[in-house]
There are 2 protein chains.
Amino acid sequence: MKSNKHVPKATLQRYPVYLKALRKLSNLGVQRIMSRELSEFVDIEPTTIRRDFSFLGSLGKQGYGYEVNKLIEIFNGELGGNFDEKIIIVGAGNLGRALMNYNRWNHVVGEIACAFDVMPHKQGNMYEIPVYPIELLKEKMPPGCRIAILTVSKDVQETVNLLVENGIKGIVDFTHEHIQVPKGVRVKPVDVVSMVQELVFETNSLK
Amino acid sequence: MKSNKHVPKATLQRYPVYLKALRKLSNLGVQRIMSRELSEFVDIEPTTIRRDFSFLGSLGKQGYGYEVNKLIEIFNGELGGNFDEKIIIVGAGNLGRALMNYNRWNHVVGEIACAFDVMPHKQGNMYEIPVYPIELLKEKMPPGCRIAILTVSKDVQETVNLLVENGIKGIVDFTHEHIQVPKGVRVKPVDVVSMVQELVFETNSLK
DNA sequence: CCTGCCTTGTTAATAATAACACATAGTTGA
DNA sequence: TCAACTATGTGTTATTATTAACAAGGCAGG
C-alpha cells in the first residue's frame, strides 16, 4: 500500500476505464477477477493494472485476485467522492439539453443541480432541471459547487471568467474555442472534431 | 526536419490544442508567433511546442518565429487530411441530433454523411442529414467511411461489432458502457461522467 | 494443519516523454 | 551590406511511465 504517494496523471486517466469495465463485469455476474483476465478485457497490461490499483491500497488477495464489487465500491468512493457533487450546466442548447437528459448522473458522481443560459426562451424547467438566466449565476449556484459543464457557443471566454470568479474549479469544456483559465482551475476539453482529427491522423499514420 | 520519424502519442494529442489556439490567434489578427508566446497561451512548455512542431517539418524561421496561418494550414492538412472524411453517426437520440446540428464540421475534417438509428420514428431527414434504419448500414454507408460517432444507449457491443465488420477503423464513443474492439480499431471514449470523475478526483487530491 | 500452487504488490529495468542547452541560421536595424 | 540579436531545431539530460521479474502471502486440496 502506497496510498499516501502521489497518483500519476496517466493512472488517473485509467481509473474511469477500470470502473466502466468492472461495472460491466459485475452485470455479467462476475464476482472475482484476476489482473490477467481484466487485462484482456480493457487492453491494459496486468502489471500496469496492479500498479494502478496499488495506489488505492492493497485491494486484492494473493493467489486469488480481486473482488469485483469491492473494487467498484473503492473506485466509486475515490472517483465520485460521496456522490453528492453538485454540477451545473452552462448553455442550454441542443447539447446542454442532451446532457440534462443524461440518465446516468444519479449515484455516480452527483447530480446536475441546475443550468444557465443567456437566451430567455431556453429558460424554465427542462427535464426536471431548472434553467436560469446567466445573470443569476451567483445567486442560483448551489453551495460548494465546483464543477461546470460548458456548452455555450458565444462569449465563451467571458463565461469562463464568470465561472472562475464564482469559484468553479473544474470545467468540462464542450466549446469549439480555446479557453484560458488561471492556475488551480482544471479544464477537460471535449471536442468531437478534435477526436475525429486524432482518429484520422492515427489511422493515416498507421499505414 | 524529422517528419519520417514516428510521432509520439503524447504529441498527437496536443495537435488539436495547438490548432484550436492558432485559430483563435488568427481571428485576433495575430500573424506571427514565437514558441514562448504560444506557450503562455496554451500552457505547454516552449520546448515541447517546438519539438511537437518539428515532427511536421521545419515550420518556423530562426530568429523570427512561426507564421500563424502557415501553421494552421499545415495542421489542417495533417489532421484533417483533405477535409473529405465521411463520418457517420450511429444513434439519433438527443445527443446524436445535437452532434448533427454541430456547426463546425464543414471544412475542418470532413462532414457527417448520414446517421443510423434503430427507432423508426427517429429516421428520416434531420437537420439536412439523412437518418437510416440500422439494418441499411452496409448499404448506405458512404464508400471509404472509416470514422463513426457512437451515441446509442442499447445493444452497444452488438452495434460496435456491426460497425467493425463494415470497415470502421475509428470510433468516437459516447456510450456509457465498456466496449471491446479488435486490434487495429481505435476508440476514443467521450464520457462526461468520467470527465467529471477525473475532475473531482484531481481537485480532491490537489488539497 | 500442512504443502504446493497461484496471484498479488513492489523493486528493479526499460521505454517514452519532457525539459535543458546551445549551435545555427535567419532577421532587423543601421 | 554587415553585425548584433534572436528564436528555432535538435543532441543530451532528466523525469515520468510501462514492463519485467520475483519475493511474500493467501487459498485449496488432502
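Labels below follow one simple rule: chain letters A, B, ... track the order of the sequence lines, proteins then strands, and each chain is numbered from 1.
- A sub-4.0 Å separation between OP1 or OP2 of C/dT17 and a side-chain N or O of B/K9 is absent.
- Annotation: B/E158, atom CD; neighbour count of heavy atoms from other residues, nucleotides and ligands within 6.0 Å is above 12.
- Side-chain to base pairing of A/R51 with C/dT11: one donor and one acceptor N or O lie within less than 3.5 Å of each other.
- For the OP1/OP2 pair of D/dT19 and a distance below 4.0 Å, the side-chain nitrogens and oxygens of A/R50 include no atom meeting the criterion.
- Rounded to whole Å, atom P of D/dT8 lies 10 Å from atom CG of B/L71.
- Distance CD1 (B/I49) to P (D/dA7): 14 Å, rounded to an integer number of Å.
- For the pair A/F53 CZ and C/dG9 C1', the interatomic distance rounds to 13 Å; values are reported in whole Å.
- Distances shown here put a side-chain N or O of B/Y66 below 4.0 Å from the OP1 or OP2 atom of D/dG9.
- For the pair A/A10 and A/K61, nearest-nucleotide mapping onto DNA chain D gives the more 5' position to A/A10.
- At D/dT19, one or more side-chain N or O atoms of A/T48 fall inside 4.0 Å of OP1 or OP2 (strictly under the cut-off).
- When rounded to the nearest whole Å, the span between CG of A/D52 and C1' of D/dT19 equals 13 Å.
- Within the 4.5 Å cutoff, side-chain heavy atoms of A/V172 are placed close to those of A/V190.
- Using a 4.0 Å cut-off, no side-chain N or O of B/R32 falls inside it from OP1 or OP2 of C/dT27.
- With DNA chain D read from its 5' end, the first of the two nearest nucleotides for A/Y64 and A/T11 is the one closest to A/T11.
- Per the geometry, CD belonging to B/E37 stands 14 Å off C1' belonging to D/dT8, to the nearest Å.
- On a pure distance criterion of 3.5 Å, no polar donor-acceptor pair joins the side chain of A/Q62 and the base of C/dT7.
- In this structure, B/E45 atom CD and D/dT10 atom C1' are separated by 17 Å, rounded to whole Å.
- Side-chain nitrogen and oxygen atoms of A/S35 include none within less than 4.0 Å of the OP1 or OP2 phosphate oxygen of C/dT7.
- Between the CZ atom of B/R36 and the P atom of C/dA19 there is a distance of 16 Å, given to the nearest Å.
- Taking the nucleotide of DNA chain C with the nearest heavy atom to each of A/G63 and A/T47, the more 5' of the two is matched to A/G63.
- Following rounding to the nearest Å, A/E67 (CD) and D/dC27 (P) show an atom-to-atom distance of 10 Å.
- Proximity of B/E40 to A/Q180: side-chain heavy atoms (C-beta onward) are nowhere separated by under 4.5 Å.
- Applying the 6.0 Å contact sphere to CD of B/Q31 captures no more than 12 heavy atoms from other residues, nucleotides or ligands.
- A cation-pi geometry, defined here as NZ or CZ lying under 6.0 Å from the six-membered ring centre and within 45° of its normal, does not hold between A/R32 and A/Y66.
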